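What follows is a short report on a single structure.
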Amino acid sequence: MSSGFTGGCLCGAVRYACESDPQVVAHCHCVDCRKSSGTGHCTHLVVPETAFRVTGEVRFYERQADSGNVVSRGFCPICGSAVYSTNAGMPGMAFPRASSLDDPEVAKPQFVVYASRAPSWDTVDPSLPAYPEMLEGGPQRALEEQG
Ligand SMILES: [Zn+2]
Ligand SMILES: [Zn+2]
């Protein structure tokens, strides 16, 4: 089996290829994710930036997250699709959105953060560990705690 995955925006102007499999996959129900998602949460993959190659123009919207870190949400300036994010608190990592995957089955969610903010109609997956807020140390830490 080859590792890695591909994805891009709706119109195809932005494309990416990642040479490694996702290190972490998580649902995030924070307000910023909800507002930028089209539904109640975002599902993010976490990959090393060195393995993640993007072609096409990506525009970034920067905003300070509850953690205090600046999150830059990258989107296609033509079709508006969210493609991937970076987080100043986790340098060297890229966070492709599960919505941008060519094969959405690449994303195998492992846990849920900001579960306390999920709207009643966006059910928090009962089969996954769910943290009411972000853990100190971010997604990597959450995965370590899980063992
Ligand atoms: Zn596009
Ligand atoms: Zn979020």
Side-chain angles (χ1 to χ4, degrees), residues 4-18 21-49 51-146:
F5 58 90
T6 57
C9 68
L10 178 61
C11 76
V14 180
R15 293 289 304 159
Y16 64 74
C18 186
D21 288 332
Q23 295 183 344
V24 178
V25 181
H27 298 303
C28 181
H29 287 272
C30 83
V31 172
D32 289 1
C33 282
R34 173 169 61 79
K35 288 239 173 185
S36 63
S37 70
T39 183
H41 67 281
C42 283
T43 305
H44 301 283
L45 285 62
V46 183
V47 299
E49 233 166 6
F52 189 67
R53 284 176 219 296
V54 183
T55 55
E57 186 198 349
V58 179
R59 216 167 280 174
F60 287 91
Y61 173 68
E62 294 190 347
R63 188 173 155 91
Q64 193 168 45
D66 282 351
S67 61
N69 296 322
V70 172
V71 174
S72 302
R73 289 180 162 80
F75 59 94
C76 171
I78 297 169
C79 71
S81 305
V83 181
Y84 76 104
S85 306
T86 60
N87 185 327
M90 292 181 69
M93 307 306 286
F95 302 78
R97 295 249 190 143
S99 55
S100 68
L101 290 166
D102 289 336
D103 175 9
E105 296 303 324
V106 165
K108 310 248 183 262
Q110 293 150 301
F111 58 90
V112 183
V113 295
Y114 290 109
S116 65
R117 306 185 191 192
S120 60
W121 44 262
D122 191 24
T123 310
V124 175
D125 188 334
S127 71
L128 296 177
Y131 302 95
E133 299 289 313
M134 179 53 82
L135 287 195
E136 197 72 30
Q140 293 288 15
R141 167 81 185 289
L143 199 67
E144 285 159 20
E145 288 215 348
Q146 230 181 289

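Predicted model, so just to flag it, every value in this text is computed and none were measured. Both counts, for ligands and for their atoms, begin at 1 and track the order of listing. These numbers come from the heavy atoms of this one structure, side chains and all, not from hydrogens, waters or symmetry mates.
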Query raised in the report: What's the SG-the Zn ion (ligand 1)-SG angle here (C79, C11), rounded to 10 degrees?
Result: 120°
Query raised in the report: Given SG of C76 on one side and SG of C9 on the other, what angle do they make at the Zn ion (ligand 1), to 10°?
Result: 110°
**Report entry** Vertex the Zn ion (ligand 2), arms to C30 SG and C33 SG, rounded to 10°
**Finding:** 110°
Query - Between F52 and Y16, ring centroids under 6.0 Å - result: yes
Requested in this report: Classify the ring geometry between H29 and H41 as parallel (under 30°), tilted (30 to 60°) or perpendicular (over 60°).
Outcome: tilted
Query raised in the report: Is there a donor-acceptor pair under 3.5 Å between the side chain of S81 and the backbone N or O of V83?
Result: no
Query raised in the report: Are K108 and D21 ion-paired here, with the side-chain N under 4.0 Å from a carboxylate O?
Result: no
Query raised in the report: Does any N, O or S atom of C28, backbone or side chain, fall under 2.8 Å from the Zn ion (ligand 2)?
Result: yes
